[in-house]
Amino acid sequence: MAEGAKEKYVEELVDQSDDFSRWYNQVVRKAELADYAPVRGCMIIRPYGYAIWEHIQRLLDARFKETGVMNAYFPLLIPRSFLEREAKHVEGFAPEVAWVTRGGGEELEEPLAIRPTSETIIGYSFAKWIQSYRDLPLLINLWNNVMRWEKRTVLFLRTAEFLWQEGHTAHRTLEEAEERTRLMLEVYRSFVQEDLAIPVLHGRKSENEKFAGALRTYSLEAMMRDGKALQSATSHNLGHNFAQGFDIQYLDADGQRKYCATTSWGLSTRIIGAIIMVHGDESGLILPPHVAPYQAVVVPIWRKDADQGAIMEAIGRIERMLKGKVRLKVDLSDNTPGWKFNEWELRGVPVRIEIGPRDVQNNSVVLVRRDNRAKETVAIDALETRLPELLEEVQQALFQRALAFREEHTYYAETYDEFKEIMSEKRGFVRVKWAEDSEAELAIKEETKATLRVIPFDQPEGGVQGRCFYTGKPATCEAVFARSY
RNA sequence: CGGGGUGUGGCGCAGUGGGUAGCGCGCAUGGUUUGGGACCAUGAGGUCCGCGGUUCAAAUCCGCGCACCCCGACCA
């Protein structure tokens with residue numbers, strides 16, 4: 001180690017504070033989450049990264065189904081004419097759509113869009129499926145891929161093709177659609193906080209920031225460790241916009257034909273970027289136990305070959321005991337224990353189980369938490385109860401730590417001068433009194449690069465008193481601004 | 001798409017007054033090791049991002065592409 005360098009376990013990783021984006025890229029590659037593809041802007045998700053996505057799918061899918069949603073599959077290709085039926089929608093997505101213009105060696109009569117999202121083709125089907133108010137609500141979800149020809153791409157955060165789920169629902173009334181929109185945001189909020197240990201602000205997007213074609217957009221906003229915001233999930237109340245574009249009508253009990261109100265909501269592989277940037281530290285990834293591919297890694301340690309038999313026997317017992325209870329990785333590679341410690345810390349395994357001659361002799365193991373490196377000695381027989389408990393402690397601790405970080409980096413600004421000072425010197429979230437005004441929002445973005453992330457549901461009791469920090473008009477709400485990904 | 005930067009074994013880099021490519025890590029084999037990235041020996045691995053040009057000769061000079069990174073505009 002270099003003279004004077006502070007002690008670090010992983011030397012080949014840059015410090016987060018020195019160069020956050022470099023740190024991020026290094027972690028993604030070294031932890032073997034993802035790799036670059038031969039096509040610009042596309043990403044290869046490696047098995048270790050994909051395993052995280054599979055856990056996200058499993059946990060989130062169960063939450064969707066509890067609310068009555070069923071999964072379906074819709075095609076990748078969408079006729080051009082479909083995209084054009086909702087004016088705001090085309091305007092919003094046109095610049096980033098990829099097109100298929102040839103097939104079977106011949107020019108196609110109508111170019112086909114590679115879906116940037118599926119509202120339009122869903123609208124086409126919903127119109128056919130829905131006849132009566134008795135067919136409502138219609139609640140479906142798609143686990144699929146979409147493509148958006150982004151100018152500037154970053155692994156997980158913004159790639160030309162990405163994986164996500166997109167939910168689509170149709171309802172009898174606007175009120176019911178609004179209720180569903182809010183319900184799904186709440187599903188996301190509880191999932192992201194409980195399973196990913198990421199604290200989020202939840203609330204409404206401004207007119208400028210809402211989805212192309214939506215009446216209202218709600219979102220979750222999380223703070224990354226560099227103080228920037230990441231939109232982590234969105235839920236849109238589409239009102240009658242798509243129903244009118246696609247003629248989604250039903251015959252109501254009163255004998256009137258009426259337009260449905262629809263919603264859509266999504267969460268993408270981008271959330272893996274959030275996990276990395278919310279929990280990661282100077283040694284690499286820290287994965288929340290609920291979605292970690294391996295929840296614990298066993299590192300055997302022996303001094304002489306004679307030790308091996310007893311250690312392997314104990315490991316066998318541990319494996320049998322934890323089967324089906326804890327996702328376990330046993331690292332029997334030839335690397336030294338020190339190497340394995342660093343490797344699995346870099347890859348974010350929440351708990352390490354060390355087992356050497358001393359431990360075998362005492363019929364115990366040493367458990368080491370990834371988040372704070374606290375060690376404890378546990379009897380092998382007690383692992384079955386202690387390890388799941390410890391994993392839950394880590395899960396909670398990660399959430400609390402991230403929450404504390406967000407609180408420390410959340411500021412209140414009374415005046416625009418204060419606001420500018422905070423944005424230029426500290427980053428983080430800035431909460432202000434706000435009189436909704438799109439022009440002012442754009443001006444603020446122009447000058448400070450901060451955007452209105454969300455108008456939180458969490459507002460002062462009895463309404464907001466005072467004036468907007470920017471325009472001086474009577475404030476109507478509190479809003480949170482930040483620089484974002 | 002605008003501004004800046006980078007592209008050389010798997011990874012990190014060196015190499016430019018043009019002269020047939022090198023280091024560290026990793027990898028393979030054998031041996032000794034193993035409680036915070038072990039050591040010795042032997043060995044494999046490169047159309048120097050691509051295409052074109054200048055030249056007796058190009059990783060090096062010129063042109064055109066492509067990819068990635070950073071900063072903008074756009075966005076899950």
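Just so you know, these numbers come straight off a predicted model, no measurement behind them. Sequence lines set the chain letters: A, B, ... in the order given, protein chains first and strands last, and positions in each chain run from 1.
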Name the nucleic acid region contacted by [X], choosing base, sugar-phosphate or nothing; use a 4.0 angstrom heavy-atom cut-off, strictly under.
| X | value |
| --- | --- |
| A:Pro357 | base |
| A:Val366 | base |
| A:Ile271 | nothing |
| A:Gln231 | sugar-phosphate |
| A:Trp302 | base |

Are [Y] and [X] an aromatic pair, judged by ring center distance below 6.0 Å?
| X | Y | value |
| --- | --- | --- |
| A:Phe64 | A:Trp265 | yes |
| A:Tyr188 | A:His202 | no |
| A:Tyr218 | A:Phe457 | yes |

Let's test this: given Watson-Crick or G-U wobble pairing with both distances under 3.5 Å, identify the partner of [N].
| N | value |
| --- | --- |
| B:A58 | none |
| B:U29 | B:A41 |
| B:C68 | B:G5 |
| B:C75 | none |
| B:G63 | B:C51 |
| B:U16 | none |

Expressed in whole Å, how much space separates the [atom1] atoms belonging to [N] and [M]?
| N | M | atom1 | answer |
| --- | --- | --- | --- |
| B:U29 | B:U47 | P | 24 Å |
| B:A44 | B:G9 | C1' | 11 Å |
| B:C39 | B:G26 | C1' | 16 Å |
| B:C51 | B:U60 | P | 12 Å |
| B:G15 | B:G22 | C1' | 7 Å |
| B:U42 | B:G63 | C1' | 47 Å |
| B:C69 | B:G17 | C1' | 32 Å |
| B:G65 | B:C70 | P | 23 Å |

> When the nearest nucleotide of RNA chain B is assigned to A:Gly356 and to A:Phe156 on a heavy-atom basis, which residue is associated with the more 5' position?
Replying inline: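 It is A:Gly356 whose nearest nucleotide is closer to the 5' end.
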> When the nearest nucleotide of RNA chain B is assigned to A:Phe341 and to A:Thr159 on a heavy-atom basis, which residue is associated with the more 5' position?
Replying inline: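 It is A:Phe341 whose nearest nucleotide is closer to the 5' end.
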Do [X] and [Y] sit within salt-bridge range, that is, some charged N less than 4.0 Å from a carboxylate O?
| X | Y | answer |
| --- | --- | --- |
| A:Glu186 | A:Arg189 | yes |
| A:Arg317 | A:Glu313 | yes |
| A:Arg370 | A:Asp281 | yes |

> According to the 5.5 Å centroid and 30° plane-angle thresholds, does A:Phe162 stack upon the nucleobase of B:A76?
Replying inline: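 Stacking between A:Phe162 and B:A76: present.
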Separation of atom [atom1] in [X] from atom [atom2] in [N], rounded to whole Å:
| X | N | atom1 | atom2 | value |
| --- | --- | --- | --- | --- |
| A:Lys210 | B:A76 | NZ | P | 14 Å |
| A:Asp334 | B:G30 | CG | P | 11 Å |
| A:Glu221 | B:A76 | CD | P | 11 Å |
| A:Glu161 | B:A76 | CD | P | 17 Å |

>> What I want to check is whether the side chains of A:Gln16 and A:Asp226 have a donor and an acceptor closer together than 3.5 Å.
In response: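 Note: A:Gln16 and A:Asp226 side chains miss the donor-acceptor criterion.
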>> Quick one about A:Glu207 and A:Ser438 (side-chain donor to acceptor, distance below 3.5 Å, no hydrogens or angles considered), yes or no?
In response: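 On atom types as modelled, these side chains do not qualify, holding no pair under 3.5 Å.
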> For every nucleotide of nucleotides 68-73 of chain B, 5' to 3': is a protein heavy atom under 4.0 Å from its base (B), only from its sugar-phosphate (S), or from neither (-)?
Replying inline: SSSBBB
>> Can you classify the ring geometry of A:Tyr124 versus A:Phe82 as parallel (below 30°), tilted (30 to 60°) or perpendicular (above 60°)?
In response: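 The rings of A:Tyr124 and A:Phe82 sit tilted, inter-plane angle from 30° to 60°.
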> Do the side-chain N or O atoms of A:Thr336 get closer than 4.0 angstrom to the phosphate oxygens (OP1, OP2) of B:A38?
Replying inline: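 For B:A38, OP1/OP2 do have a side-chain N/O of A:Thr336 under 4.0 Å.
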> Among the nucleotides B:A76, B:G36, B:U34, which one has an atom lying closest to any side-chain atom of A:Glu150?
Replying inline: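 For A:Glu150, the side-chain atoms sit closest to B:A76.
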>> Among B:G35, B:G36, B:A76, which nucleotide has an atom closest to any side-chain atom of A:Asn342?
In response: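 So the nucleotide nearest the side chain must be B:G36.
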